[in-house]
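First the proteins, then the strands, lettered A, B, ... as listed; each starts at 1.
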Amino acid sequence: MQQQYDFKTIEKKWQKKWAEKDVFAVTEDPNKEKYYLLEMFPYPSGKLHMGHVRNYSIGDVAARFKTMQGYNVLHPIGFDSFGLPAENAAIKHGIHPAKWTIDNIGEMESQLKELGFSYDWEREVATCLPEYYKWMQWLFIQFFNKGLAYKKKNPVNWCPSCQTVLANEQVVDGHCERCKTPVGKKELSQWYLKITDYADRLLSDLDRLPGWPSKVKTMQKNWIGKSTGAEITFQVDQMDLSMTVFTTRADTIFGTTFMVLAPEHPLAKELVSGGGNEAEVESFMDRLQHLSDIDRASTTLEKEGVFTGRYAVNPLTEKRIPIYLANYVLMDYGTGVVMGVPAHDERDFDFARKYGLDIIPVVEPPKGSNIDLDHLQEAFVAEGKLINSGEFNGMDNLPAIEKIISMMEQKSIGKKSTNFRLRDWLISRQRYWGCPIPMVYCEKCGWVPEKEENLPILLPTDVEFTGKGESPLTTSKTFAEATCPHCGGKATREMDTMDTFMDSSWYFLRYCDAKNDKAPYDKKKADYWMAVDQYIGGVEHAILHLLYARFFTKVLYDLGLCSVDEPFTNLLTQGMVLKDGTKMSKSVGNVVSPEEIINKYGADTARLFIMFAAPPEKELEWSDAGVEGSYRFLNRVYRLVYELAEATKGVKPVYRLEGKDDKQLAYRLNTVIKRVTDDISLRFNFNTAISAIMELVNEMYRYKELNDVNLGLLRDCTEKLVLMLSPFVPHVCEEMWEHLGHEDLVYHAQWPSYDESAMVQDTVEVVVQINGKVKERVEAPAGLDKEAFAETVMNEENIKTLLAGKQIVKVISVPDKLLNVVVK
RNA sequence: GCCGGUGUGGCGGAAUGGCAGACGCAGACGACUCAAAAUCGUCCGGGAAACCAUGUGGGUUCGACUCCCACCACCGGCACCA
């Protein structure tokens, strides 16, 4: 150890030692309690950004801390390495996506190593490698065999810029989640996974995840969007035709005065033809065609519709009601048909107003309200008693829902029903750089999965990257040719690749047994490590990745491949890294590169600043001055440890506390250990853990200047200081630990425990309040009971003076803290 | 519109209902130095003071940044979901 803090030499030295000794590799050990700590794996875009550094620093501190506490810690890393940027680079610069990706992975690996993260590199995965995607294909086939994967022709979200379809989750505000281009619709035959079969479990099991932020759970709940209600069947007048609606408001059925279908509803044509209003419908449909999907989906779009010329019969009132087509009815929610209850639904109200349709109130506002039911100005959507509803008149509307549904069930005109906003997951992508879907089409046998021995279906290399139209796989001369695994006849391969969110939906299982070439992973190994005890990543994955991964885990659980059905026990969503109040981005020009900081101050400083500047789940404002401060602190610690290592050479950390100063320092040491331990393990409050360590350092600086120092105590403080700092700044701590004469790594050292007896003080400074306002501070003996405490404090001279001439009403005594005297 | 979250010095941020502003940054002053840097030390919400201060207004309490009610502002998610 040099006298100067030479971070460059120190960091290189210890990174080399860690790698040589392979210290972060772990194996299953039934005698040790496991702890699986995982950060979301990165897409290999080129270089690390500050968001990565933050994500992985949080994880590394936790992993090292848990290791020191004696857990068998699995802390793996890998790369989510299929995806569009690689392909775009191929189109733009003519580099093969594989080369681009592998080069980037190499770059990022070395940066992760430079930051000193404690990964078990033996378990590294890259989803673009055949040894990984072979098992992705195998899993897809398991889904298919279970009836959870199917191909369907449907209008799908189409990004004209990425030239591929998108899942609903990847369409944000009508725009492509990746490139922000407005998304259109295209009729295509595509593969889907039946995530809707799991909607109920995905929803209800959220309650079994107390370790997840409620924000994320709420977002998933909203996304799944469960509504309970009823399906009700209406007969079309004078036609042999019926239509079913979904409604959550069966209580308002008596107020249904019209029906509305989505314009693209399959029954629309049949209804219109011969209804006598064909010309008007056609011109309406024509106008609709010219609207973009984004405009159509807009909530501000005026509700427009057209009469079909047909009538339906309200099954309860038996009144004839007109049937309309309208732009505000969505084909892909419910049944695509809505019963119009203008009195009690805002949209129906607007529509009825515009087309002069009847408005019949069936729920009465509570007495005293100034709503005039005969001349409604807006829909009345609150609760009330039923009117105009036959035998149900006078009932409260909410309990009436169930009553009306069971009556309709008896008459076979309706039944209880549940609807989800969640749609099946569209996983086909018309792109090259993804996992090939291992399915072949045979004229005789239809869609058949590839034989297991033929896996992996490799990506062909003789393809052209044009970025246009269909999947580049179609340009391969040989890829399409296949033999039907069923009948042995000629067959064609599926040309699309999988959504990359498939790859990331099970990588945490692969880490449990990353090298396995007989199975995706050995179940026994997965049983040992799963579930992930702590997962850390950005909140932007709250619905996409985190929902898909939960879905996969549940399917694997049902298939008997996994013994947990929730993958992540605890979830931490870290905040963004900002500079000047906004997200770091190239276009704003406020990017601070990790490389730059590591070169100037070292990895330890970068890590320390990031952990100290804000609690992990909050946004972090980057501050160059703050980085300087962290660097200064590390220098301050280094100098202190160096000096004290010399001063206490050969001294054992054993001592007897002598005077007040000794006790004060021991008190500080032990309270800090407790604080740091609790802050890390209970709350992940790394920022306050670090401030506590700073307080200890400040105290040690004061103490060492005293005339009569206790060397044993100082030695103990020094060692424990290094131990506590080591998860945060591992390189410099290894160096200091070695200098303190230890031969083992600080990484393998035991986390310090605290001595409760040293945390008891003889006297404490307490506060004296009068009527709740602080008036005085006095020194009082610690550990008194309420009465003794009050008496002692009240007998202090200046307190007596303070209370002189006042009438005491009440005394609140909180020993060791405060005394509040209520006076008149 | 609905659902969440946040609001504390010049700044980042601390505070199981019990001293508001820990710790750090910035700043001021002092020591060391021929000088500067580095380092070490002291001060650092407002106010002359009584006091006033945790977005605003109420409430509960001996005591509220913390709990309850109403409102405001900003951020995020969902949004014609029947």
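- Applying the side chain to side chain donor-acceptor pair (under 3.5 Å) test to A/Arg550 and every residue at least two apart in sequence or in another chain returns A/Gln220, A/Glu566.
- Listed by chain and number, the residues in a side chain to side chain donor-acceptor pair (under 3.5 Å) with A/Asn168 are A/Asn157 (sequence neighbours excluded).
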Might you list the N or O atoms of the protein lying below 3.5 Å from N or O atoms in nucleotides 15-18 of chain B, with each pair's distance?
from, atom 1, to, atom 2, distance (Å)
B/A15, OP1, A/Arg683, NH2, 3.4
B/U16, O4, A/Lys817, NZ, 3.0
B/G18, N2, A/Gln769, OE1, 3.3

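- Separating the CD atom of A/Glu705 from the P atom of B/A31 is a distance of 19 Å, rounded to the nearest angstrom.
- Residues that satisfy the side-chain contact (heavy atoms from CB on, under 4.5 Å) test with A/Gln4, not counting sequence neighbours, are absent from this structure.
- Panel note: side chain A/Asp816, backbone A/Ala782; no donor-acceptor pair is recorded below 3.5 Å.
- Counting non-hydrogen atoms under 4.0 angstrom, A/Val338 reaches a base of the nucleic acid.
- If you check every strand for non-hydrogen atoms under 4.0 Å, A/Ser623 touches nothing.
- A glycosidic torsion no more than 90° from 0 defines the syn conformation, and B/G9 adopts it.
- Residues satisfying the side-chain contact (heavy atoms from CB on, under 4.5 Å) test with A/Glu540, not counting sequence neighbours, are none.
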Shorter than 3.5 Å, N or O on both sides, protein versus nucleotides 37-40 of chain B: list them out with atom names.
from, atom 1, to, atom 2, distance (Å)
B/U39, O3', A/Arg639, NH2, 3.1
B/C40, OP1, A/Arg636, NH1, 2.6
B/C40, OP1, A/Arg639, NH2, 3.4

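- When the P atom of B/C25 is taken as reference, atom CG of A/Asp580 falls 20 Å away, rounded to whole Å.
- Between A/Asn771 and A/Val171, it is A/Asn771 whose nearest contact on RNA chain B lies nearer the 5' terminus.
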I'd like a list of close polar pairs between nucleotides 50-53 of chain B and the protein, N/O only, cut-off under 3.5 Å.
from, atom 1, to, atom 2, distance (Å)
B/C51, OP1, A/Lys775, NZ, 3.1
B/C52, OP2, A/Lys773, NZ, 3.1

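- Among the duplex regions that RNA chain B forms, those built from at least three successive Watson-Crick or G-U pairs under 3.5 Å are B:1-7 with B:72-78, B:10-12 with B:23-25, B:27-31 with B:39-43, B:55-59 with B:67-71, ordered by first number.
- For A/Lys600, the side-chain contact (heavy atoms from CB on, under 4.5 Å) criterion is met by no residue, not counting sequence neighbours.
- Among the candidates A/Arg353, A/Lys354, A/Arg347, A/Arg287, the single residue satisfying the salt bridge (charged side-chain N to carboxylate O under 4.0 Å, His left out) test with A/Glu302 is A/Lys354.
- Under the side-chain contact (heavy atoms from CB on, under 4.5 Å) criterion, A/Thr688 pairs with A/Arg675, A/Asp679, A/Arg683, A/Asn685, A/Ser691, sequence neighbours left out.
- No hydrogens or angles considered: a donor-acceptor pair under 3.5 Å links the side chains of A/Thr196 and A/Asp424.
- Note on A/Gly334: nothing from the nucleic acid sits closer than 4.0 angstrom, heavy atoms only.
- Checking side-chain atoms of A/His265 against main-chain N and O of A/Val337 turns up no donor-acceptor pair under 3.5 Å.
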Each nucleotide N or O in nucleotides 2-8 of chain B that has a protein N or O under 3.5 Å away: list the pair and distance.
none

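- Listed by chain and residue number, A/Phe351 satisfy the ring-ring contact (aromatic ring centres under 6.0 Å, His included) test with A/Tyr328 (two or more places apart in sequence, or in another chain).
- When A/Thr247, A/Thr252, A/Asp251 are each tested for a side-chain hydrogen bond (donor to acceptor under 3.5 Å, both in side chains) with A/Arg249, only one passes: A/Asp251.
- Residue-level contact check: A/Val329 touches the bases, meaning some heavy atom is under 4.0 Å from a base atom.
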